[in-house]
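Chain letters run A, B, ... following the sequence lines, proteins first and then strands; every chain starts at 1.
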There are 2 protein chains.
Amino acid sequence: MTQVHREQHAEGERTPFDEIERSLMQISWLAQRQFMQLLDDERFRLTVPQFYTLLHLEPLTEACKMSDLAEATHQSAASLTGVVDRLDEKQLIERVRDAKDRRQVMVAVTTYGRELVAEIKQARREQMQMALAHLAETEIEALMLLLDRVLAGMARTLERAEGGRLA
Amino acid sequence: MTQVHREQHAEGERTPFDEIERSLMQISWLAQRQFMQLLDDERFRLTVPQFYTLLHLEPLTEACKMSDLAEATHQSAASLTGVVDRLDEKQLIERVRDAKDRRQVMVAVTTYGRELVAEIKQARREQMQMALAHLAETEIEALMLLLDRVLAGMARTLERAEGGRLA
DNA sequence: CTAGATAATCAACAACATTTAGTATATCAC
DNA sequence: GTGATATACTAAATGTTGTTGATTATCTAG
């Protein structure tokens, strides 16, 4: 196992807050990493940008303009074209030129695309459950309490910041 | 602004739970994206894997073996070599061969590396505060309450899964 | 000393995302 | 129609990460 040596130096003051902040960051990294691996599964073969682009399209009844999609997913238009190309190859989305403004390309998720998103969500749910399966019920409860307190602390921080700015 | 058309189709049943799940996923994507952009700032010029590798080293008093670092950050050894190369170029870490086992390369964060991590954390905190600055105090409170309930719901899901498996 | 295991790196390559700049097409104002 | 603008795509170049398999150096067991 990896040995961990924590610092206690007097100047620099490593506070519990710092520890928690670091833990949250590390958890975020690991979760992201785990999700990446899930998406890379042979059933899906998606990358993270591809999935989130698809996810944005999935609930829409109507097709979405490329430019709107780029804005919504915070990707540049040129970058999005590549991502949408790859989704198109996999037949997860369809490109249709708008009848009214023939410059525009409207993108819509296909039925297969919707199915895949559903599968991925299901797999992710199972993955999360498995990730916590080794914890005892009491440990999960404790974890939840702690997370609640983290959120409460974040709320307080935000209130203070807000108060300071609006005073 | 992007027009959003939500689906109400009878089969398929779009539940509020689905909506929230999607929102959480989208928030996670946007947060990740925002963080990426922050790390790309001229002050830092880091990538996400580079930052989290550095983050893992930052609290350690002693240097860390490459293999342990790879395991901890969930990267392959070969992949990590490249990441550490780039951190080394930026003088954020130092490589030292272990005296006892000269095969091993020990990696340690430099003072400059620690400073940069601190700067990034600070910037991130400010970024988060700015992201929520446009919310009224009552809205933030409401948001926090809702997040609490999301977490509680997650806990229940986990308990059920746990109960089913252990029954 | 030798054989084999171990640690890290290297080499070669593929995939993806990203940027910049340029292009084709279509729309709109006049 | 003409010129300006808008929309999406393309091309080319870059950087990072990732994989696989070989390689180098080192240690350890016998």
Side-chain angles (χ1 to χ4, degrees), chain A residues 2-3 29 32-42 44-54 63-90 92-108, chain B residues 2-3 29 32-42 44-54 63-90 92-108:
Chain A
T2 310
Q3 277 209 332
W29 161 252
Q32 182 178 327
R33 203 102 187 126
Q34 199 185 30
F35 191 38
M36 239 181 65
Q37 283 168 8
L38 175 67
L39 289 176
D40 194 40
D41 186 281
E42 56 184 2
F44 313 128
R45 292 274 168 229
L46 290 179
T47 64
V48 174
Q50 283 166 28
F51 172 73
Y52 282 102
T53 303
L54 194 60
C64 181
K65 278 172 58 184
M66 282 295 286
S67 46
D68 285 347
L69 188 55
E71 197 197 349
T73 58
H74 285 216
Q75 299 171 90
S76 73
S79 203
L80 181 63
T81 295
V83 173
V84 167
D85 279 349
R86 280 158 226 130
L87 290 173
D88 202 358
E89 279 167 27
K90 291 163 188 153
L92 296 168
I93 57 107
E94 267 175 349
R95 274 195 251 231
V96 186
R97 286 224 168 253
D98 191 52
K100 291 170 190 169
D101 185 341
R102 296 185 42 74
R103 286 169 305 181
Q104 291 181 16
V105 171
M106 310 298 285
V107 186
Chain B
T2 310
Q3 278 208 333
W29 160 252
Q32 183 179 325
R33 202 99 188 130
Q34 201 185 28
F35 190 38
M36 236 182 67
Q37 283 168 9
L38 174 67
L39 290 176
D40 194 41
D41 185 280
E42 55 184 2
F44 312 128
R45 291 272 170 233
L46 290 179
T47 65
V48 174
Q50 283 165 29
F51 172 73
Y52 281 102
T53 303
L54 194 59
C64 181
K65 277 173 58 184
M66 282 295 286
S67 47
D68 286 347
L69 188 55
E71 196 197 349
T73 59
H74 285 217
Q75 301 171 88
S76 73
S79 204
L80 181 63
T81 295
V83 172
V84 167
D85 278 349
R86 278 158 227 130
L87 290 174
D88 203 358
E89 279 167 26
K90 292 165 189 154
L92 296 168
I93 56 106
E94 267 175 350
R95 274 196 251 231
V96 185
R97 285 222 170 254
D98 191 52
K100 291 170 189 168
D101 186 341
R102 296 186 41 73
R103 286 170 305 180
Q104 291 180 16
V105 171
M106 311 300 284
V107 185

Item checked: Minimum side-chain heavy-atom gap R95(B)-D85(B) below 4.5 Å -> yes

Notebook entry, point to check: Does a nitrogen or oxygen in the side chain of Q50(B) sit under 4.0 Å from OP1 or OP2 of dT17(D)?
Noted result: yes

Note to self: Rounding to an integer number of Å, can you tell me how far R95(B) CZ sits from dA7(C) C1'?
What the structure shows: 13 Å

Next item on the list: Quickly work out the M66(B) CE to dA25(D) P distance and round it to whole Å.
Entry: 18 Å

Next item on the list: Could you check which of dA17(C), dT19(D), dA6(D) has an atom nearest any side-chain atom of R86(A)?
Entry: dA17(C)

Next item on the list: Measure the distance from NZ on K90(A) to P on dA15(C) and round it to the nearest whole Å.
Entry: 11 Å

Check: So what does R97(B) hit on the nucleic acid, given a heavy-atom distance under 4.0 Å: a base, only sugar-phosphate, or nothing?
Finding: nothing

Check: Can you tell me how far C1' of dA17(C) sits from CG of D40(B), to the nearest Å?
Finding: 12 Å

Notebook entry, point to check: Short question: side chain of R97(B), backbone of V105(B) - any donor-acceptor pair under 3.5 Å?
Noted result: no

Checklist line | T47(B) side chain near dT17(D) phosphate (N/O to OP1/OP2, under 4.0 Å) | finding: yes

Item checked: 5'-most by nearest nucleotide on DNA chain C - R45(A) or D101(A) -> R45(A)

Next item on the list: Round to a whole Å and report the spacing from CG of L80(A) to P of dA8(D).
Entry: 9 Å

Item checked: Side-chain N,O (R103(B)) to OP1/OP2 (dT9(C)) below 4.0 Å -> no

Notebook entry, point to check: Taking atom P of dT17(D) as reference, at what distance in whole Å does atom CG of D85(B) sit?
Noted result: 11 Å

Check: Between the main-chain N or O of R45(B) and the side-chain N or O of K90(B), is there a donor-acceptor pair closer than 3.5 Å?
Finding: yes

Notebook entry, point to check: When all nucleic acid strands are considered with a 4.0 Å heavy-atom cut-off, which category describes M36(B): base, sugar-phosphate, or nothing?
Noted result: sugar-phosphate

Notebook entry, point to check: To the nearest Å, how far apart are Q75(A) CD and dA17(C) P?
Noted result: 8 Å

Notebook entry, point to check: Taking the six-membered ring for Trp, is the centroid-to-centroid distance between F44(B) and F51(B) below 6.0 Å?
Noted result: no

Check: Would one find a side-chain N or O of S67(B) under 4.0 angstrom from OP1 or OP2 of dT6(C)?
Finding: no

Notebook entry, point to check: How close do Q75(B) and V83(B) get, heavy atom to heavy atom, and via which atoms?
Noted result: OE1-CG2, 3.5 Å

Notebook entry, point to check: DNA chain C: S79(A) or K100(A), which has the more 5' nearest nucleotide?
Noted result: S79(A)

Note to self: Expressed as a whole number of angstroms, how long is the span from Q32(A):CD to dT17(D):P?
What the structure shows: 12 Å

Checklist line | Closest listed nucleotide, where the reference is the side chain of K65(B) and the choices are dT18(C), dA8(C), dC10(C) | finding: dA8(C)

Note to self: Give me the atom names and distance for the closest heavy-atom approach of L69(B) to V84(B).
What the structure shows: CD2-CG2, 4.3 Å

Notebook entry, point to check: Can you tell which of dA8(D), dA17(C), dT10(D) lies closest to the side chain of A78(A)?
Noted result: dT10(D)

Margin query: Let's see if you can work this out: which of dA26(C), dA17(C), dT6(C) has an atom nearest to the side-chain heavy atoms of R102(A)?
Written below: dA26(C)

Next item on the list: Ignoring backbone atoms, establish whether S76(A) has a side-chain N or O less than 4.0 Å from OP1 or OP2 of dT19(C).
Entry: yes

Notebook entry, point to check: OP1 or OP2 of dT18(C) less than 4.0 angstrom from a side-chain nitrogen or oxygen of R33(B), does that happen here?
Noted result: yes

